[in-house]
Amino acid sequence: MKYTQLGRTGLKVSRLVLGTMNFGPQTDEADSHAIMDAALDAGINFFDTANVYGWGENKGRTESIIGNWFAQGEGRRDKVVLATKVYGNMGADGPAWPNHDKLSAVNIRRAVDASLKRLQTDYIDVYQFHHVDRATPFEEIWQAIDVLVQQGKILYVGSSNFPGYKIAQANEIAARRGGTIGLVSEQCLYNLAERRAEMEVIPAAQEYGLGVIPWSPLHGGLLGGVIKKEVEGGRRASGRAADALADPGTRAQIQSYEDLLDKHGIEPGEAALAWLLTRPGVTGPIVGPRTAEQLASAVRASELELSEELLTGLDEIFPGPGPSPEAFAW
């Protein structure tokens, strides 16, 4: 496994990030623990979760599964760079009770303590804002974060789903206040089929020294060989992938993608992950395996070297927006 620094920090993380969103809803606790053990064995040290994972009446379940795994000892916690998130309503379904969601100082304090309890740890390596809170000023957010850092409850702070201007605003206000290094990472939707992050988010992250952590690297399965699986009688597309394939133009595009990779003898899902690892500013994509074999496939992807010919072919099928701001200014 290869490693890199997380943005401008001294924190060393693996080029693959273990996503845990399936732990609980789709993968039971025993299998989740086996996947985390296998991830460590493969050299993956960066684990990502969120307080709301588990969803519905089981919000927090995923963090609890991770916490039970940490409790088994044998250095598990010390080997992991742990990232979780705050923002969502952790109460029962329906409107949140006032101050029980988003990024007020009150909710940040409450949420971090609850996450620490579920995770059975006394600190979080990277505490991430799951979404922009337009109602809470960054001065208040950073004041709350400074207290948590001083208490030793969190070490670094990242964002998720932030536009470029909010990354800039957050870090400019952090710099004016002093005492905090600001955001060090940004999780964003980024893959071959969805490259809008190249317009503003990734340039802002690079300018401010944030590591980019792409989520949904296979675009909901669309880039994972979905047409080939249908033809071979395997798992049919669902959700975002099924909706996309209903469009004839998108289906033709995905068919061209799969044909190109078949020519090169590479599995589509592994190529999609390997492509992200070639992109400027990317720390590592989040992989969310439901099974040990899916994890093994992701590890193989991290070792792939894509030829210039293949990279050119992928750009022809999935052209990005081009350099910013020239792509939209001229």
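Going from atom OG1 of Thr136 over to atom CZ of Phe138 covers 9.5 Å, rounded to the nearest 0.5 Å. Rounding to the nearest 0.5 Å places CG of Leu116 at 9.5 Å from CZ of Arg118. We find the CG-CD1 distance between Asp113 and Ile108 to be 12.0 Å, quoted to the nearest 0.5 Å. For the atom pair Ile35 CD1 and Thr291 OG1, the distance stands at 6.5 Å (nearest 0.5 Å). The distance from the CG atom of Asp262 to the OH atom of Tyr257 is 12.0 Å, given to the nearest 0.5 Å. Here the straight-line distance linking atom CD1 of Ile66 with atom CZ of Arg61 works out to 11.0 Å at 0.5 Å rounding.
Of the possible polar contacts, none joining the Ser14 side chain to the Ile44 backbone as a donor-acceptor pair under 3.5 Å is found. Checked by atom type and distance alone, the side chain of Lys59 pairs as donor or acceptor with a backbone atom of Gly91 at under 3.5 Å. One N or O on the side chain of Glu258 and one on the backbone of Lys228 form a donor-acceptor pair closer than 3.5 Å. The main-chain N or O of Lys102 is found under 3.5 Å from a side-chain atom of Asn107 such that the two form a donor-acceptor pair. Of the possible donor and acceptor atoms, none in the side chain of His33 sits under 3.5 Å from a partner among the backbone N and O of Asp31. Judged by distance alone, with hydrogens and angles left aside, the side-chain atoms of Thr180 form no donor-acceptor pair with the main-chain N or O of Asp146 at under 3.5 Å. Judged by distance alone, with hydrogens and angles left aside, the side-chain atoms of Thr9 form a donor-acceptor pair with the main-chain N or O of Leu6 at under 3.5 Å. Using a distance-only test at 3.5 Å, with no hydrogens or angles considered, no donor-acceptor pair links the side chain of Glu270 to the main chain of Leu304. A donor-acceptor distance shorter than 3.5 angstrom exists from the side chain of Arg110 to the backbone of Asn99, with no hydrogens or angles considered.
The shortest side-chain heavy-atom distance between Leu277 and Ser302 falls under the 4.5 Å cut-off. Between Arg8 and Leu210, some side-chain heavy-atom pair lies under the 4.5 Å cut-off. When side chains are defined from C-beta on, Ile167 counts as touching Glu186, because their heavy atoms get closer than 4.5 Å. Ile154 places a side-chain heavy atom less than 4.5 Å from the side chain of Val149. With contacts defined as side-chain heavy-atom distances shorter than 4.5 Å, the pair Val17/Trp215 does not qualify. In this structure, Val80 and Asn45 have side chains that are not in contact, with every pair of non-hydrogen atoms separated by 4.5 Å or more. Side-chain contact between Glu316 and Ser256 is absent, with no heavy atoms from C-beta onward closer than 4.5 Å. The side-chain heavy atoms of Leu310 and Ile266, taken from C-beta on, include a pair separated by under 4.5 Å.
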Checklist line | Working for salt bridge (charged side-chain N to carboxylate O under 4.0 Å, His left out), residues Glu293 and Arg300 | finding: CA-CA 11 Å; Glu293 174 50 38; Arg300 289 194 297 270; 3.1 Å; yes
Checklist line | side-chain contact (heavy atoms from CB on, under 4.5 Å) between Leu11 and Val126, worked out | finding: CA-CA 10 Å; Leu11 187 65; Val126 186; 4.2 Å; yes
Next item on the list: Report the C-alpha distance between Glu200 and Lys166 in whole Å, list the side-chain angles of each, state the deciding distance to 0.1 Å, and finish with yes or no for salt bridge (charged side-chain N to carboxylate O under 4.0 Å, His left out).
Entry: CA-CA 11 Å; Glu200 291 287 350; Lys166 280 294 182 181; over 6 Å; no
Check: Arg195 and Asp315: salt bridge (charged side-chain N to carboxylate O under 4.0 Å, His left out), yes or no, with the steps?
Finding: CA-CA 11 Å; Arg195 296 178 61 171; Asp315 272 336; 2.8 Å; yes
Next item on the list: Check the pair Val212 / Ser185 against side-chain contact (heavy atoms from CB on, under 4.5 Å), numbers first and verdict last.
Entry: CA-CA 6 Å; Val212 175; Ser185 63; over 6 Å; no
Next item on the list: Test side-chain hydrogen bond (donor to acceptor under 3.5 Å, both in side chains) on Arg77 and Thr121 and set out the steps.
Entry: CA-CA 8 Å; Arg77 178 64 188 95; Thr121 185; 2.9 Å; yes
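Partner of Ser159 under the side-chain contact (heavy atoms from CB on, under 4.5 Å) criterion, out of Val184, Val132, Asn171, Leu183: Leu183 alone. No option in Thr84, Asp48, Asn161 other than Asp48 meets the side-chain hydrogen bond (donor to acceptor under 3.5 Å, both in side chains) test with Gln128. Considering Leu103, Val52, Val112 in turn, Leu103 is the only one that fulfils the side-chain contact (heavy atoms from CB on, under 4.5 Å) rule with Val86.
Across all their heavy atoms, Gly164 and Val201 have their closest contact at N-CG2, 4.0 Å. For the pair Glu140 and Ala105, the tightest heavy-atom approach, listed with the atom from each and the gap, is OE2-N, 2.9 Å. Asn51 approaches Met90 most closely through the heavy-atom pair O-CE, 3.1 Å. Closest approach of Leu192 to Phe318, counting heavy atoms only: O-CB, 3.2 Å. Shown here for Ala272 and Pro217, the closest heavy-atom pair between the two residues is CB-O, 4.0 Å. Here the closest non-hydrogen pair linking Gly43 and Met1 is O-CG, 3.5 Å.
Relative to the six-membered ring of Phe23, Arg290 misses at least one condition, a distance below 6.0 Å or an angle of at most 45° to the axis. For the pair Arg76 and Phe70, the NZ or CZ position fails the cation-pi test of under 6.0 Å to the six-membered ring centre and within 45 degrees of the ring normal.
Classified by interplanar angle (parallel below 30°, tilted 30° to 60°, perpendicular above 60°), the ring pair Tyr53/His130 is perpendicular.
Val299 and Phe46 fall into different hydrophobic clusters, where Ile, Leu, Val, Met, Phe, Trp and Tyr are joined by side-chain heavy atoms under 4.5 Å apart, directly or via other members. In terms of hydrophobic clustering, with Ile, Leu, Val, Met, Phe, Trp and Tyr side chains grouped at heavy-atom distances under 4.5 Å, Met36 and Leu119 are assigned to a common cluster. Hydrophobic clustering of Ile, Leu, Val, Met, Phe, Trp and Tyr side chains at less than 4.5 Å, counting indirect connections, keeps Ile286 apart from Leu82. Linking ILVMFWY residues whenever their side-chain heavy atoms come closer than 4.5 Å, directly or via other members, leaves Val106 and Val157 in distinct clusters. Linking ILVMFWY residues whenever their side-chain heavy atoms come closer than 4.5 Å, directly or via other members, places Leu273 and Leu295 in the same cluster.
Between the side chains of Asn191 and Trp275, no donor N or O sits under 3.5 Å from an acceptor N or O. Counted by atom type alone, Trp69 and Asp37 present one or more donor-acceptor pairs between their side chains at under 3.5 Å. No side-chain donor from either of Thr49 and Glu63 sits under 3.5 Å from a side-chain acceptor of the other. If you check the side chains of Gln72 and Asn68, you find no donor sitting under 3.5 Å from an acceptor. Between the side chains of Arg279 and Tyr190, a donor-acceptor pair is found at a separation under 3.5 Å.
More than 12 heavy atoms of other residues, nucleotides or ligands shown are found within 6.0 angstrom of CD on Glu326. Atom CD of Gln143 has 12 or fewer neighbouring heavy atoms from other residues, nucleotides or ligands inside a 6.0 Å radius. Around atom CZ of Arg196, no more than 12 heavy atoms belonging to other residues, nucleotides or ligands sit under 6.0 Å away.
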